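Note sheet for the following structure.
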Amino acid sequence: MITTMASRGKRTLTDGQGYAERSSEGRISGHTLKIIRQSVGLTQERFAERLRIDVTTVQGWESGRRPLMAIPMATYFALRQTLIQLGAQPQLVRQLDTALEADQFIGYVLNRPTEDVADEHPLASWVINRTFTEFASWPLTACAPSTLRHLAGDMRRRGPAAASPALETGERAHFFEHLKIAAESAKDDQPRSALLRRQAYYVASFDDTPDTGEWLASMQRSEIRRLRRTSEWTPSWAVVRSGAHSLARLGDREGLQEFISTRLSDEVCEMANLNYWAYWLGEAAEPQATDLFMINLGSEAWRGTKLFRHLMNRLDPLNPYMEVVTHTLWALIMLRPGVLDPSAAKQVIENARQALDYPAVSDQSRRELETVVYALRMIDRG
């Protein structure tokens, strides 16, 4: 925990967390702040002037040397308010909160010895979503979050400064080693243990080294053996689902195809898959503590229109998740035909046709794509 601000009687964003011996992490939120500042044409000097602080403080925030997480909350709220007053889009400024969450996660992992995996691990405490994952993986992939991508591209053209936050070689090795140990330490089938394994596998898949790929394949075989004890949905089902996605990211698409054909064979599991997608994309926005929401989430929790749009734009045979995108789109239409958007019919049909021309598409996906095309043609003609 950062004590310098707290010791002066001011609450900071890290008060009460108690796990940092070194500086708080700040590179993700700092880079996000820099992108937002530049989006409204502000110089560091002008921004510092508006905040009535020294320009070196702004430079420290943006570089991560002075983590935003360690500043007083009043200062943070003033910073956000100033950005909006100067023309930054409010929805863009809100991304700072997610960036801070990602910094907290990265900092937790980097501040822990690889052999020290605490029971309160962040990946065991809540179900992460796409937005958080994009921010947390930014230093690992150099791929900006989708909410910032167009602005990050503009920033890269402005000078020699780093184009994205990054982990040093030693930090990166420590990060992935920690995830592996964390996953292996969560051995039982309790919801939080399963959640930790599932999410550690998925985040670990951002490491494209052969060692991690082999480790993920080995762990997935163990998870499948564990799951064979039952044909019903269990937290381990969710672990195998994420494991198949993780391996697909690294180039092994067969496991995902097998999961679809063998593990999405009943109504409960189909609904669990749809509920997870809705949560991942933020359409079911209520935070969740375990994967049990997959089977407990009510049908009124999400509409499906955002999910439909996301899936239709990813009907690409080169997408490593093409098979599950196809199946989920098909299942969504079967469950909620009202999500079919007549204005999108032509684009979906064209995307589906291109996918059908790709030889590697499975027979099941072909049948499901043909069903989707038929349904959309009926709407288009109507």
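Because the structure is a prediction, the values reported are computed rather than measured. Keep in mind that the numbers below use all heavy atoms, side chains included, and drop hydrogens, waters and symmetry copies.
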Residues which pass ring pair (Phe, Tyr, Trp, His ring centres under 6.0 Å) with Trp330, listed by chain and number, not counting sequence neighbours = His327

Can you confirm whether [X] sits close enough to [Y] that some side-chain heavy atom of one is under 4.5 Å from a side-chain heavy atom of the other?
{"X": "Arg197", "Y": "Ser193", "value": "yes"}
{"X": "Glu184", "Y": "Trp215", "value": "yes"}
{"X": "Ile35", "Y": "Gln95", "value": "no"}
{"X": "Leu216", "Y": "Ser205", "value": "yes"}

Looking only at heavy atoms, which two atoms of Leu332 and Trp302 are closest? And how far apart?
-> CD1-CZ3, 3.8 Å

Identify the heavy atoms of Glu283 and Leu307 that sit nearest to each other, and give their distance.
-> OE1-N, 3.0 Å

Measure the acute angle between the ring planes of His121 and Tyr108, then classify it against the limits of 30° and 60° as parallel, tilted or perpendicular.
-> perpendicular

Classify the ring geometry between His31 and Trp138 as parallel (under 30°), tilted (30 to 60°) or perpendicular (over 60°).
-> perpendicular

If you measure only the distance, is there a donor-acceptor pair under 3.5 Å linking the side chains of Gln257 and Ser362?
-> no

Are Arg249 and Tyr202 close enough that a side-chain donor and a side-chain acceptor fall under 3.5 Å?
-> yes

Test side-chain hydrogen bond (donor to acceptor under 3.5 Å, both in side chains) on Asn313 and Gln347 and set out the steps.
-> CA-CA 9 Å; Asn313 288 325; Gln347 180 183 341; 2.8 Å; yes

Main-chain N/O of Val127 paired to Tyr279 side chain as donor or acceptor, under 3.5 Å = yes

Can you list the steps and then say if Thr131 with Asn129 is a side-chain hydrogen bond (donor to acceptor under 3.5 Å, both in side chains)?
-> CA-CA 6 Å; Thr131 303; Asn129 59 20; 4.6 Å; no

Ionic contact status for Arg112 with Glu120, cut-off 4.0 Å | yes

